[in-house]
Amino acid sequence: MKKTAITLLLIVAGGGVGANAQTMYDALRFSENNYEGTARTIAMGNAFTALGGDPGAVTINPAGSAVARYSQVTITPGITWSINMAQGTKLPESNTPNGFERAMKNTSTSFFLPNVGISLNFDMHRSSGLKNISVGFISNAENTFIDGMYAKGTNSVTSFAGALAAEAFGYTPDALNGDNAYNNLPWGAVLGYQAGLIGDIADSDPTEYVGTTENIYKESGNIAVGGPLDQTFARSIKGIRYNWVVNLAANISDMVYLGANVGATSMNFSSEEIMTETAADPDLFQTGFSSLKYRNTYKASGLGIYGKFGVIVTPFGGLRIGAAIQTPTLTTVKETWGADASSKYAESRYDSNAQTPEGNYEYRLTSPFRVNAGIAYAFGKFAVISADYEMCDYKGMFFKETGTIDNSGFDDVNTDIRDFMGVSHMLRAGIEVKPVQFLALRAGYGLTTSPEKDQDGKYSEAKTNKYSFGLGFNTKGSFYADLAFACRKCSDEYIYPYNDYIDGVFSPEILNRKAIWTAALTLGFRF
């Protein structure tokens, strides 16, 4: 299965009936890690389970802070940007796109702080045994959310308004226009009716609706799109998840390093999605339809807590072996959402608009255990190579309601998680070479497999690749600076702006391909 991260935007835009609209993709988005850290760890692919010695590595392996025999403070400003290429996919029988046929490129940019922290080293003045202890207060970014995609094309067969009309089937106009409509009915159907995107067919039983983009042909009884529609779909995503830790680590005889983190995560996420349809010629539409706009907004914030324990062993020479385990993260998530819509006609007196109330909900999400292991080798002071393996079984994700012992509202999505999520494997590798004492050249690579499974239990072939490089500069004093660049090539994403609603006719499918770039500069002081 190559399709991954599927988005059913009509469901998102509609808001659902009631609060529980979470999916297994929401759980995955708020649980997966894409480590950032300092410029040094970023440049080396974050392959630091066995290396340590850098504040950016403390959230990967807590034992790493004891490797350094000095205290240090770091701050890392950064910039991240996404480059999206979106286009409608081709129908197999015609080899032509089913809408959104134009290939559209778009870029989105955001500033952030991938690392800030201080690590204090205390020398015990012993030749063996407990030689030094380190205490750290560090924040590293572990996932950045950024997206700015845009798709455009022409469609004469299906429409967003037509899909809303199908969603409203069976509900009376009085119910759709009632005071409690947003409490009891699908938000998309209610908003579509109140904003004039759909209308009821007189004397229909059960109640039927037609999109303002559709014509009714009484002779045949058919309902069809009146003429060519220029369609656009745009999406913007912003957000970040930080990992805040209190770290304690110990160096035992320069052979064994032990460490533990008490960690907290803070997360903010926001998205905005806009769907528009514009008539190429309003005279072709019985309603005099000119254009419509439907906008959906969503925000989420969360606070979580977890623990992590790690070890690094140096058995001989330059060899280092490391491992760490992270407990499940217990996160409380708060969500708000809303939507607004408008419609315009050749006769402006029919123009209409409406807005939903703001929805809000709070729930708990348990993210699963993580384990990672690594091996590294130092060639004196000239070079070091490192490799990591990390595993996370996302089948362990779990939604839970707050304020009640009844968790039945999440039964379906928790079942989906158990049935269609599995193990994700992460491989990371890095190298650092110092051609001269004050300069370091670095490069890294990362590979993450998808945890998604199909109904036969077969894993998706989708993968995320990350490439990185950078350099470091050391002075003879305490100051040092590192620079890094990284590119994360995301898995293909298939987006459905609205559901299929005509028997035998497919609504548009958009293929979104995205690369996320990061540039980071670390300024550090050792003392």
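Residue numbers run from 1 in the order of the sequence given.
- For the 3.5 Å distance criterion, the side chains of Thr49 and Asn372 qualify, holding a donor opposite an acceptor.
- Residues Gln231 and Met275 are in side-chain contact: their nearest non-hydrogen atoms beyond the backbone lie under 4.5 Å apart.
- A side-chain donor-acceptor contact under 3.5 Å links Ser82 and Asn84.
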*Working for side-chain contact (heavy atoms from CB on, under 4.5 Å), residues Asp26 and Val333*: CA-CA 11 Å; Asp26 296 315; Val333 181; over 6 Å; no
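- Residues Pro62 and Ala249 come closest through the heavy atom pair O-CB, 3.6 Å.
- Gln194 CD to Asp340 CG: the interatomic distance, rounded to the nearest 0.5 Å, is 12.5 Å.
- Taking the side chain as every heavy atom from C-beta outward, Tyr257 and Asn61 never approach each other to under 4.5 Å.
- Salt-bridge formation is not detected for the pair Arg235/Glu273: no Lys NZ or Arg NE/NH1/NH2 atom is positioned less than 4.0 Å from an Asp or Glu carboxylate oxygen.
- Between the side chains of Tyr480 and Gln72, a donor-acceptor pair is found at a separation under 3.5 Å.
- The minimum heavy-atom distance linking Asn46 with Lys466 is given by the pair ND2-NZ, 4.5 Å.
- With a 4.5 Å cut-off on side-chain heavy atoms, Phe137 and Val246 count as touching.
- A pairwise comparison of heavy atoms in Met24 and Met397 identifies O-CE, 4.2 Å as the closest pair.
- No side-chain N or O of Thr522 forms a donor-acceptor pair with one of Asp482 less than 3.5 Å apart.
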*Could you give me the CA-CA distance, side-chain angles and deciding distance for Tyr501 and Glu167, then say whether side-chain contact (heavy atoms from CB on, under 4.5 Å) is met?*
CA-CA 9 Å; Tyr501 66 96; Glu167 186 182 4; over 6 Å; no
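- To the nearest 0.5 Å, atom CZ of residue Phe30 and atom OG1 of residue Thr329 are 14.0 Å apart.
- Side-chain N/O atoms of Glu358 and Thr336 include no donor and acceptor closer than 3.5 Å.
- When side chains are defined from C-beta on, Phe398 does not count as touching Ile417, because their heavy atoms never get closer than 4.5 Å.
- At least one donor-acceptor pair closer than 3.5 Å links the side chain of Asp500 to the backbone N or O of Ser507.
- Side-chain contact between Ile274 and Arg295 is present, with heavy atoms from C-beta onward closer than 4.5 Å.
- Formation of a donor-acceptor pair under 3.5 Å by the Ser424 side chain with backbone atoms of Thr449 is found in this model.
- Surrounding NZ of Lys293 are at most 12 heavy atoms belonging to other residues, nucleotides or ligands under 6.0 Å away.
- For the pair Thr356 (side chain) and Ala339 (backbone), a donor-acceptor distance under 3.5 Å is present.
- Under the 30°/60° scheme for interplanar angles, the aromatic rings of Tyr498 and Phe160 are found to stand perpendicular.
- Look at Glu390 and Arg370 and you find a salt bridge, because one of the NZ, NE, NH1 or NH2 atoms lies within 4.0 Å of a carboxylate O, short of that distance.
- The closest side-chain heavy-atom distance from Leu51 to Met44 is below 4.5 Å.
- Within the 3.5 Å criterion, the main-chain N or O of Ala195 finds a donor-acceptor partner in the side chain of Ser343.
- Put simply, the side chain of Ser71 gets close to the backbone of Asn121: a donor and an acceptor are under 3.5 Å apart.
- Scanning both residues, Leu28 and Pro451, for their nearest heavy atoms gives CD1-CG, 3.9 Å.
- In this view, Lys238 and Ser108 satisfy the side chain to side chain donor-acceptor pair (under 3.5 Å) rule, not counting sequence neighbours.
- Formation of a donor-acceptor pair under 3.5 Å by the Asn140 side chain with backbone atoms of Gly37 is not found in this model.
- Residues Asn407 and Asn414 have side chains in contact (heavy-atom distance under 4.5 Å, counting atoms from C-beta outward).
- Defined by atom type and a distance below 3.5 Å, a donor-acceptor pair is present between the side-chain atoms of Thr276 and Thr232.
- Between the side chain of Tyr459 and the backbone N or O of Val423 there is at least one donor-acceptor pair closer than 3.5 Å.
- At distances below 3.5 Å, at least one donor-acceptor pair connects side-chain atoms of Lys308 with backbone N or O atoms of Thr59.
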*Before giving the answer on side-chain contact (heavy atoms from CB on, under 4.5 Å), spell out for Leu120 and Phe527 the whole-Å C-alpha distance, their side-chain angles and the decisive distance to 0.1 Å.*
CA-CA 9 Å; Leu120 302 175; Phe527 55 95; 4.0 Å; yes
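- How far CZ of Arg526 is from OG1 of Thr74: 10.5 Å, rounded to the nearest 0.5 Å.
- Here the CH2 atom belonging to Trp244 is positioned 11.5 Å from the OG1 atom belonging to Thr265, to the nearest 0.5 angstrom.
- Ring geometry, Phe145 versus Phe269: the interplanar angle exceeds 60°, so the pair is classed perpendicular (tilted spans 30 to 60°).
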Acceptor/donor pairs from residues 362-369 side chains to any protein atom, 3.5 angstrom cut, sequence neighbours excluded:
unit_1 : atom_1 : unit_2 : atom_2 : d
Tyr363 : OH     : Glu335 : OE2    : 2.9
Ser367 : OG     : Ser31  : OG     : 2.7

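- No side-chain donor-acceptor contact under 3.5 Å links Asn115 and Thr38.
- What you find for Ala486 and Ile42 is that their closest heavy atoms are CB-CG2, 3.8 Å.
- Here the straight-line distance linking atom CD1 of Ile495 with atom CD of Glu493 works out to 4.0 Å at 0.5 Å rounding.
- Proximity of a side-chain donor or acceptor of Tyr294 to a complementary backbone N or O of Leu191 within less than 3.5 Å is not detected.
- Here the shortest heavy-atom pairing between Thr109 and Trp81 reads OG1-CB, 3.7 Å.
- Other residues, nucleotides and ligands place more than 12 heavy atoms under 6.0 Å from the CZ atom of Arg29.
- Side-chain contact, Tyr35 with Glu142: no donor N or O sits under 3.5 Å from an acceptor N or O.
- In terms of modelled atom types and a separation under 3.5 Å, the side chain of Arg241 and the main chain of Glu32 share a donor-acceptor contact.
- Between the side chains of Asn243 and Tyr306, at least one donor N or O sits under 3.5 Å from an acceptor N or O.
- Contact check for Ile83 versus Lys105: side-chain heavy atoms found under the 4.5 Å cut-off.
- Note that the OG atom of Ser270 and the CH2 atom of Trp337 stand 15.5 Å from one another [nearest 0.5 Å].
- Side chains of Thr41 and Asp54: no donor on one and acceptor on the other come within 3.5 Å.
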*Take Tyr361 and Glu401 through the side-chain contact (heavy atoms from CB on, under 4.5 Å) test and state the conclusion after the steps.*
CA-CA 10 Å; Tyr361 189 53; Glu401 295 192 44; 3.7 Å; yes
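- Crowding of Asp411 atom CG: a count of heavy atoms from other residues, nucleotides or ligands under 6.0 Å exceeding 12.
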